[in-house]
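Written out below as structure tokens is the structure these notes cover.
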Amino acid sequence: MTTVKTPADEAEARAIQDELRDRVVLDETGPLPGRGLVAGVDVAYDDERDLVAAAAVVLDAATLEPVGEATAVGHVSFPYVPGLLAFRELPTVLAALDALTVVPDLVVCDGYGLAHPRRFGLACHLGVVTGLPSMGVAKNPFTFSYGEPGARRGDSSPLLAPDGAVVGRALRTRDGVKPVYVSVGHRVSLDNACAHALALSPAYRIPETTRRADSLCRRALREAS
DNA sequence: GCGACAG
DNA sequence: ATCTTGTCGC
């Protein structure tokens, strides 16, 4: 059972990120696109009732057919603070991952990995505590900048931190549609992460993994007591 | 000091 | 994230 420490405050949360950051592995390429089992994770909130529902859905990367899924419901343990999203989402996400009966070869997160103020976003955190290769696909550029990529599916451009460092890639998954923002989490190369993101998005802007996880966690939240 | 800011 | 059905268009 993997878990995450719930910080008492924001300062402690940042300290935990600074401590865990060194454990991120960046010199592995990860599973090849279109091969193995890929999990998608997402969460839905009901702040009124103090509830969080997480879902993990595993797809066969070759066919995109689901081979496993699990959910978990918990209580909101941390407020939403940009840069500290992992402390809000991971406790319940890890519970859902633990409930899976299959072990994924890669986990796709709804958010960022290295594209983070301290280079330790949600996907890095998840990867480090589970040991699994992980990556992030976000719907918004957060505080990062990028040049508009070409208009065709598959076109991309570097996602840049304020200091000019490349922290990910703006990737067009559909012709003429706003790109998604891909960054490495743990034990995956940026090239492979982008190839996975593209292979997982044959019909919609968002990868099938997160689309499936999104609908599943919403259903779990509705059905939660 | 102020604003911006993944989900 | 969340409030939310049908509808316009390819």
Side-chain angles (χ1 to χ4, degrees), chain A residues 4 6-7 10 13-14 16-17 21 24 40-57 71-97 107-128 134-146 151 153 159-163 165 167-171 173-186 190 193 197 203-207 209-222 224:
Chain A
V4 189
T6 295
E10 298 183 16
R14 285 189 286 271
I16 292 173
Q17 292 181 327
R21 185 177 45 213
V24 175
V41 293
D42 195 18
V43 296
Y45 301 98
D46 184 341
D47 287 304
E48 306 287 292
R49 298 179 182 180
D50 185 43
L51 287 180
V52 190
V57 176
T71 61
V73 176
H75 294 283
V76 179
S77 55
F78 204 81
Y80 170 65
V81 180
L84 301 179
L85 185 60
F87 298 100
R88 181 169 170 81
E89 306 213 332
L90 283 193
T92 319
V93 164
L94 294 177
L97 280 174
V107 180
V108 178
C109 298
D110 189 21
Y112 280 118
L114 280 189
H116 180 273
R118 289 170 296 285
R119 302 292 187 276
F120 194 72
L122 176 63
C124 296
H125 205 141
L126 184 148
V128 164
S134 64
M135 54 178 273
V137 178
K139 300 182 286 295
N140 296 294
F142 201 8
T143 60
F144 301 98
S145 61
Y146 63 99
R153 165 180 158 82
L159 191 62
L160 307 171
D163 65 3
V167 293
R169 215 170 273 168
L171 173 67
T173 53
R174 292 198 68 186
D175 291 354
V177 174
K178 174 181 177 174
V180 294
Y181 308 91
V182 180
S183 62
V184 160
H186 182 61
L190 182 54
Y204 298 93
R205 178 169 88 108
I206 303 303
T209 35
T210 68
R211 295 187 74 246
R212 298 250 188 178
D214 179 74
S215 61
L216 183 56
C217 68
R218 288 182 196 235
R219 181 154 62 81
L221 186 61
R222 288 199 308 267

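Within every chain, numbering begins at 1; the chains are lettered A, B, ... in the order of the sequence lines, protein sequences first and strands thereafter.
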What residues form a salt bridge (charged side-chain N to carboxylate O under 4.0 Å, His left out) with [X], not counting sequence neighbours?
{"X": "A:Lys139", "value": "A:Asp110"}
{"X": "A:Arg212", "value": "none"}
{"X": "A:Arg14", "value": "A:Glu10"}

Tell me, please, the opening and closing nucleotides of DNA chain B, 5' to 3', among those with an atom under 4.0 angstrom from a non-hydrogen atom of chain A.
B:dC5 to B:dG7
Quick check: does any side chain N or O of [X] sit under 3.5 Å from a backbone N or O of [Y], one acting as donor and the other as acceptor?
{"X": "A:Ser183", "Y": "A:Gly113", "value": "yes"}
{"X": "A:Thr71", "Y": "A:Cys217", "value": "no"}
{"X": "A:Asp175", "Y": "A:Arg153", "value": "yes"}

Donor-acceptor contacts, no H, no angles, side chain residues 40-47 of chain A, under 3.5 Å, sequence neighbours left out:
{"from": "A:Tyr45", "atom 1": "OH", "to": "A:Glu89", "atom 2": "OE2", "distance (Å)": "2.9"}
{"from": "A:Asp46", "atom 1": "OD1", "to": "A:Glu48", "atom 2": "N", "distance (Å)": "3.2"}
{"from": "A:Asp46", "atom 1": "OD1", "to": "A:Arg49", "atom 2": "N", "distance (Å)": "3.2"}
{"from": "A:Asp47", "atom 1": "OD1", "to": "A:Arg88", "atom 2": "NH2", "distance (Å)": "3.3"}

Pairwise side chain to side chain donor-acceptor pair (under 3.5 Å) hits with a residue in residues 112-126 of chain A, at least two apart:
A:Gln17-A:Arg118
Roughly how far, to the nearest 0.5 Å, is the CG atom of A:Leu160 from the OG1 atom of A:Thr143?
11.5 Å
Any salt bridge (Lys or Arg N to Asp or Glu O under 4.0 Å) involving residues 73-84 of chain A? Give me the pairs, sequence neighbours left out, ordered by first then second residue.
none
Contact summary for [X] and [Y], nearest pair of heavy atoms:
{"X": "A:Tyr146", "Y": "A:Pro141", "value": "CE2-CB, 3.8 Å"}
{"X": "A:Val167", "Y": "A:Ala161", "value": "CG1-CB, 3.9 Å"}
{"X": "A:Cys124", "Y": "A:Val24", "value": "CB-CG2, 4.0 Å"}
{"X": "A:Ala54", "Y": "A:Ala96", "value": "O-CB, 4.0 Å"}

Name every residue in residues 76-88 of chain A that has at least one heavy atom under 4.0 Å from any atom of DNA chain B, in order of residue number, or write none if there are no such residues.
A:Tyr80, A:Pro82, A:Gly83, A:Leu84, A:Leu85, A:Arg88
DNA chain B stem ranges, 3 or more consecutive Watson-Crick or G-U pairs under 3.5 angstrom:
none
Carefully, step by step, assess A:Leu126 and A:Leu97 under the rule side-chain contact (heavy atoms from CB on, under 4.5 Å).
CA-CA 10 Å; A:Leu126 184 148; A:Leu97 280 174; 4.0 Å; yes
With B for base contact, S for sugar-phosphate-only contact and - for none (protein heavy atoms under 4.0 Å), nucleotides 5-10 of chain C reads ------
Worked check of side-chain contact (heavy atoms from CB on, under 4.5 Å) between A:Ile206 and A:Arg211
CA-CA 7 Å; A:Ile206 303 303; A:Arg211 295 187 74 246; 3.8 Å; yes
From the list A:Phe120, A:Tyr80, A:Phe78, ring-ring contact (aromatic ring centres under 6.0 Å, His included) partner of A:Phe87 resolves to A:Phe78
Output one line per pair: protein atom, nucleotide atom from nucleotides 2-4 of chain C, and distance, for all N/O pairs under 3.5 Å.
{"from": "C:dT2", "atom 1": "OP2", "to": "A:Arg218", "atom 2": "NH2", "distance (Å)": "3.4"}

DNA chain C base-pair string [pairs: Watson-Crick or G-U under 3.5 Å; |: paired with another strand]:
..........
